[in-house]
Amino acid sequence: MTLHSLPVFLRLAGRPVMLIGDGDSADAKRRLLDRAGAMIVGENDEAVLAIVALDDPDETVARLKARGVLVNAVDRPDLCDFTLPAIVDRSPVIVAIGTGGASAGLAAALRQRLESLLPTTLGGLADALYTVRARLKASLPDMDARRRALAQALSEGGALDPLAADAASVDAWRGDASRPRAMEAIRLSSPSPDDLTLRQARLLAQADRVVHTPDVPPAILDRARADAPRIVSVAPPVDPAEGLTVFVEMAR
């Protein structure tokens, strides 16, 4: 499955960004840029990013693109090099929801749902995890062991479950990295990731490695952790390695 755009988080503090236009749309973008610490400049200044909030932006956008500037044109996704997502702010945790300009209303509705789901303690949890990085690295020098320990703690119901834990939970956690060998099988009834059951989606998200038959679609494999190896095989492994191995096949 291809991405229509690559999500990135840009550090804009003290850096120039053009904001061209006025009215409510420009004011909203100005507030967003102010929150990011950007230095707002005009079209005649030097910057690599520009936000254009004009009723008829075509000529302005063409001039900017000719200079190599990346442009966001408000309400004109066809002219945009980048779009601005709806944001759930639990600093330093930031959740961004984008639709590629297809529907700002949909992005806003999803943001409202996530606002109610993600606790205000999430930022404190992230800060606390940052402060214990050195301690965790000392106690678990092996990178894979650290990853497994964090994955186990941050899983649903774990010691650091993001929807339930806070900074104090990190202080009490000692980084248990033990994880027995386990193997789970998923038999897909459909090639669409939308048809995954909740259990299947969770297994893919938690897998240390994914073993799959050649006919499993990439869209399904994309639901697994990005760093989990993908191994093509017509049969599940006889002796799975440490951690969780998930075998995926299409139903016959």
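Just so you know, these numbers come straight off a predicted model, no measurement behind them. Residue numbers run from 1 in the order of the sequence given. Side-chain atoms are counted along with the backbone in the values below, which use heavy atoms only and exclude waters and symmetry mates.
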Enquirer: Rounded to the nearest 0.5 Å, what's the gap from CD1 on Ile51 to CZ on Phe82? Could you check?
Expert: 5.0 Å
Enquirer: Can you confirm whether Val248 sits close enough to Val211 that some side-chain heavy atom of one is under 4.5 Å from a side-chain heavy atom of the other?
Expert: no
Enquirer: When rounded to the nearest 0.5 angstrom, what is the spacing between CG in Leu70 and CE in Met18?
Expert: 10.5 Å
Enquirer: Any sub-3.5 Å donor-acceptor pair from Arg90's side-chain atoms to Leu118's backbone N or O?
Expert: yes
Enquirer: Enter the distance from Thr213:OG1 to Asp215:CG here, rounded to the nearest 0.5 Å.
Expert: 4.0 Å
Enquirer: Around atom CG of Asp22, are there more than 12 heavy atoms of other residues, nucleotides or ligands at under 6.0 Å?
Expert: no
Enquirer: How about Asp75: does its CG atom have over 12 heavy atoms from other parts shown lying under 6.0 Å from it?
Expert: no
Enquirer: Enter the distance from Leu122:CG to Ile94:CD1 here, rounded to the nearest 0.5 Å.
Expert: 11.5 Å
Enquirer: How close do Trp173 and Ala159 get, counting heavy atoms only, and between which atoms?
Expert: CD1-CB, 4.0 Å
Enquirer: State yes or no: do Leu33 and Leu64 share one hydrophobic cluster built from I, L, V, M, F, W and Y residues joined by side-chain heavy-atom distances below 4.5 Å, directly or via other members?
Expert: no
Enquirer: Which residue pairs pass the side chain to side chain donor-acceptor pair (under 3.5 Å) test with at least one member in residues 25-49, sequence neighbours excluded?
Expert: Arg35-Asp89, Glu43-Arg63
Enquirer: Side-chain contact test, heavy atoms from C-beta onward, threshold under 4.5 Å: evaluate it for Arg15 versus Leu49 and give yes or no.
Expert: no
Enquirer: Which atoms form the tightest heavy-atom contact between Leu136 and Arg146, and what is the distance?
Expert: O-CD, 3.8 Å
Enquirer: What verdict does the side chain to side chain contact (heavy atoms under 4.5 Å, CB included) test give for Leu32 and Ile87, after you've listed the backbone C-alpha separation in whole Å, the side-chain angles of each residue and the deciding distance to 0.1 Å?
Expert: CA-CA 10 Å; Leu32 185 62; Ile87 292 172; 3.8 Å; yes
Enquirer: With a 4.5 Å heavy-atom cut-off, do Leu19 and Val17 have their side chains touching?
Expert: no
Enquirer: If we only count heavy atoms from C-beta on, is the Pro217 to Met250 side-chain gap below 4.5 Å?
Expert: yes
Enquirer: Could you state the interatomic distance from CD1 (Ile97) to CG (Leu106), rounded to the nearest 0.5 Å?
Expert: 9.5 Å
Enquirer: Just one of Arg230, Arg148, Arg147 clears the salt bridge (charged side-chain N to carboxylate O under 4.0 Å, His left out) bar with Asp208, so which one?
Expert: Arg147
Enquirer: Donor-acceptor check, side chain of Asp127 to backbone of Tyr130, threshold 3.5 angstrom: yes or no?
Expert: no
Enquirer: Rounded to the nearest 0.5 Å, what's the gap from CD1 on Ile186 to CZ on Arg199? Could you check?
Expert: 7.0 Å
Enquirer: I'd like to know whether NZ of Lys65 has more than 12 heavy-atom contacts from other residues, nucleotides or ligands below 6.0 angstrom.
Expert: yes
Enquirer: What's the shortest heavy-atom distance between Cys80 and Asn72, and which atoms?
Expert: SG-ND2, 3.7 Å
